[in-house]
Peer 1: 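Right, I'll just put the structure down here and ask away after.
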4 protein chains.
Amino acid sequence: MARGVNKVILIGNLGQDPDTRYTPNGNAVVNLNLATDESYKDRQTGQLVPKTEWHRIVLFGKVAEVAGQYLRKGSKVYIEGKLQTRKWQGQDGQDRYTTEVVVDINGQMQMLDSRGEGGMNQGAPAGRPQQSGNNAPAGQQSNNPPPQQSGGYSQPSQGSMPEPVDDFDDDIPF
Amino acid sequence: MARGVNKVILIGNLGQDPDTRYTPNGNAVVNLNLATDESYKDRQTGQLVPKTEWHRIVLFGKVAEVAGQYLRKGSKVYIEGKLQTRKWQGQDGQDRYTTEVVVDINGQMQMLDSRGEGGMNQGAPAGRPQQSGNNAPAGQQSNNPPPQQSGGYSQPSQGSMPEPVDDFDDDIPF
Amino acid sequence: MARGVNKVILIGNLGQDPDTRYTPNGNAVVNLNLATDESYKDRQTGQLVPKTEWHRIVLFGKVAEVAGQYLRKGSKVYIEGKLQTRKWQGQDGQDRYTTEVVVDINGQMQMLDSRGEGGMNQGAPAGRPQQSGNNAPAGQQSNNPPPQQSGGYSQPSQGSMPEPVDDFDDDIPF
Amino acid sequence: MARGVNKVILIGNLGQDPDTRYTPNGNAVVNLNLATDESYKDRQTGQLVPKTEWHRIVLFGKVAEVAGQYLRKGSKVYIEGKLQTRKWQGQDGQDRYTTEVVVDINGQMQMLDSRGEGGMNQGAPAGRPQQSGNNAPAGQQSNNPPPQQSGGYSQPSQGSMPEPVDDFDDDIPF
DNA sequence: TTTT
DNA sequence: TTTT
């Protein structure tokens with residue numbers, strides 16, 4: 001299935017709560033904003049300077065469900081996925097490119113906060129529908145420009161959150 | 001030095017010859033355009049569809065020297081580096097972001113073409129100065145828009161190719 | 001499915017042809033002996049000393065089929081799998097341990113020899129049955145001590161096994 | 001320096017406190033016993049069966065110092081190293097082989113327990129000399145059979161513990 | 001823009 | 001925007 005290798009491995013913390021959306025088929029698609037920290041020695045001052053790198057993560061399928069339910073702002077997480085750059089149109093009609101780390105059936109997500117502390121403190125989210133309501137407030141997110149969206153999927157027709165059947169794979173465009 | 005993990009592993013082929021530049025200190029900085037191939041089964045047709053992902057690679061230091069000298073368009077290569085997104089200004093004054101895989105002293109580059117075939121066919125490049133001349137023709141490359149450049153380093157002041165001393169680390173902005 | 005991470009990534013060359021066997025169900029199980037090369041600077045002499053590390057690889061399923069058919073002694077290959085140590089009984093009744101890199105449905109194998117050169121020179125093996133005959137000679141292999149076997153699977157259609165060529169395995173020290 | 005790739009990435013928990021030793025030169029060498037958990041679906045019963053894999057980790061240099069000082073039984077940790085199999089002689093004079101994950105200057109170790117909970121609860125170890133005394137009690141460890149040793153380095157000549165020179169960074173470099 |  |  002692959003004549004190359006395209007692998008990303010990250011450990012970092014979430015900058016915000018996960019952004020959960022659903023495909024028309026009811027499959028979860030979760031966006032994460034992940035910070036990885038590094039520090040390097042400044043050549044001028046000789047001091048250790050912290051440097052944060054931010055990564056856009058997109059999870060699909062089962063791992064997206066878990067991420068959306070259990071991860072929160074501040075959560076520490078291990079991510080294994082692949083690099084993907086997608087093109088979108090800016091408001092000026094010009095092409096823009098956004099690179100994301102895609103975690104699908106071939107990837108992995110591991111929560112690294114032990115025993116519920118860490119970022120999992122806002123009360124345990126219960127069922128899926130609530131999740132959707134809590135994490136993907138339509139009004140707010142739907143104004144986001146393309147770089148905040150992940151292509152072909154949209155949000156659940158709110159209020160009518162249509163029985164999430166798990167026929168995944170039927171609508172993800174890759 | 002790092003309180004997180006930020007690792008990328010790629011195996012693919014170069015879309016063009018490497019783009020070699022030099023910092024004012026004479027350190028090589030090489031840009032690669034790397035394709036990784038994957039194929040997935042189309043849900044509609046059931047057919048296997050090939051899909052190519054393109055990656056921007058930036059190498060620094062010793063590994064950059066080697067890449068610039070021995071890699072060519074078509075070369076198969078293993079890359080281990082880290083993700084880095086840098087901001088630049090579009091001609092319209094707006095912010096743009098480009099994500100690259102940075103290979104520095106902590107990364108790795110492995111040529112995977114065996115026995116000189118593959119992309120290594122244009123004759124063995126000799127010394128470093130010539131390399132610079134061959135691979136980083138100033139007039140051509142300097143017109144490249146920001147996404148084609150890697151930030152703070154510029155090209156060798158040609159003709160005066162300043163004694164490539166290996167005092168690396170003195171000018172790389174991270 | 002996993003509350004940890006256990007990942008091995010190797011690029012190296014095969015020390016011998018693959019050793020293909022079959023489970024009672026007819027599933028391929030392939031053993032590889034993979035060399036990864038490294039060199040380090042000797043502190044005494046200051047010289048660059050080459051050092052080869054040998055790895056035992058066990059492949060299951062589809063990837064095993066491909067490996068058995070297309071890899072040969074000398075082939076360069078990318079392996080992604082997981083570490084697994086299994087216990088077996090020495091002839092003296094004592095416990096022995098062998099660590100292997102297991103490549104199953106979650107792993108990956110990529111052939112890195114381009115255009116059929118490399119180790120792929122003994123003529124293209126054809127169908128699976130023949131493969132079985134050539135690579136998994138029952139009579140000879142079944143005498144191998146435990147470290148040469150990979151646990152619960154046994155050999156194919158015994159009794160009719162034709163010329164067993166691949167009896168290396170006898171001098172590999174693990 | 002390397003014409004191959006030999007990389008291991010693990011996330012798991014320590015089965016015991018680290019075993020810290022020192023080379024004659026006073027360099028720390030730390031052994032860890034790391035468990036990675038996985039679960040698989042039993043084909044017979046259809047049940048999810050947990051499975052623990054144990055790994056021998058050997059750390060050298062600075063990362064060894066940190067591991068010896070801050071890791072404890074139960075600690076969750078990220079390990080990046082390389083596979084290495086070393087030969088030793090059993091009491092019966094026969095060759096034995098032990099495979100370890102070696103973490104040296106090219107590797108990485110990340111503690112994943114947040115805020116001092118996790119396994120770091122036996123009181124904060126203070127200076128290095130005490131560490132040595134606490135973690136590498138010569139009398140106890142020296143009875144360990146070869147698989148418990150890592151080759152060329154020995155234990156601190158007791159009583160004469162030679163003032164660990166390696167005053168690299170300022171204690172806590174992360 | 002690469003490669004098979 | 002996270003974390004220590």
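Chain letters run A, B, ... following the sequence lines, proteins first, then strands; residues in each count from 1. FYI, side chains are in, hydrogens and waters are out, and symmetry mates aren't considered; it's all heavy atoms of this structure.
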Peer 1: Do the charged groups of Asp104(A) and Lys82(A) touch, with an N to O distance under 4.0 Å?
Peer 2: yes
Peer 1: Is there a donor in the side chain of Arg56(B) and an acceptor in the side chain of Asn31(B), or the other way round, less than 3.5 Å apart?
Peer 2: yes
Peer 1: Can you measure Leu112(D) atom CG to dT4(F) atom C1' for me and round it to whole angstrom units?
Peer 2: 13 Å
Peer 1: What is the distance from CG of Asp113(D) to C1' of dT4(F), rounded to the nearest Å?
Peer 2: 13 Å
Peer 1: How long is the line joining CZ of Arg56(B) and C1' of dT1(E), in whole Å?
Peer 2: 13 Å
Peer 1: From the list dT4(E), dT2(F), dT2(E), which nucleotide is the closest neighbour of the side chain of Arg3(A)?
Peer 2: dT4(E)
Peer 1: The side chain of Gln16(B) lies closest to which of these nucleotides: dT3(F), dT1(E), dT1(F)?
Peer 2: dT1(E)
Peer 1: Nearest whole Å is fine: how far is dT3(E) P from Asn6(A) CG?
Peer 2: 19 Å
Peer 1: Taking atom P of dT2(F) as reference, at what distance in whole Å does atom CG of Asn33(A) sit?
Peer 2: 11 Å
Peer 1: Ignoring the backbone of Trp54(B), work out which of dT1(F), dT1(E), dT3(F) is nearest its side chain.
Peer 2: dT1(E)
Peer 1: Need one value for Thr36(B): base, sugar-phosphate or nothing, where a base atom within 4.0 Å counts as base even if backbone is also close, heavy atoms only.
Peer 2: nothing
Peer 1: Heavy atoms from C-beta onward define the side chain here; which of dT1(E), dT3(F), dT3(E) lies closest to that of Asn13(A)?
Peer 2: dT3(F)
Peer 1: How many Å lie between OH on Tyr70(C) and C1' on dT4(E), as a whole number?
Peer 2: 12 Å
Peer 1: Roughly, in whole Å, what's the span from OH in Tyr78(B) to P in dT3(E)?
Peer 2: 22 Å
Peer 1: Find the distance Lys76(B):NZ to dT2(E):C1' and express it as a whole number of Å.
Peer 2: 9 Å
Peer 1: Can you name the side chain to side chain contact (heavy atoms under 4.5 Å, CB included) partners of Ala64(C), sequence neighbours left out?
Peer 2: Ala28(C), Val30(C), Leu59(C)
Peer 1: Considering residues at least two apart in sequence or located in another chain, which fulfil the salt bridge (charged side-chain N to carboxylate O under 4.0 Å, His left out) criterion with Glu80(A)?
Peer 2: Lys7(A), Lys7(C)
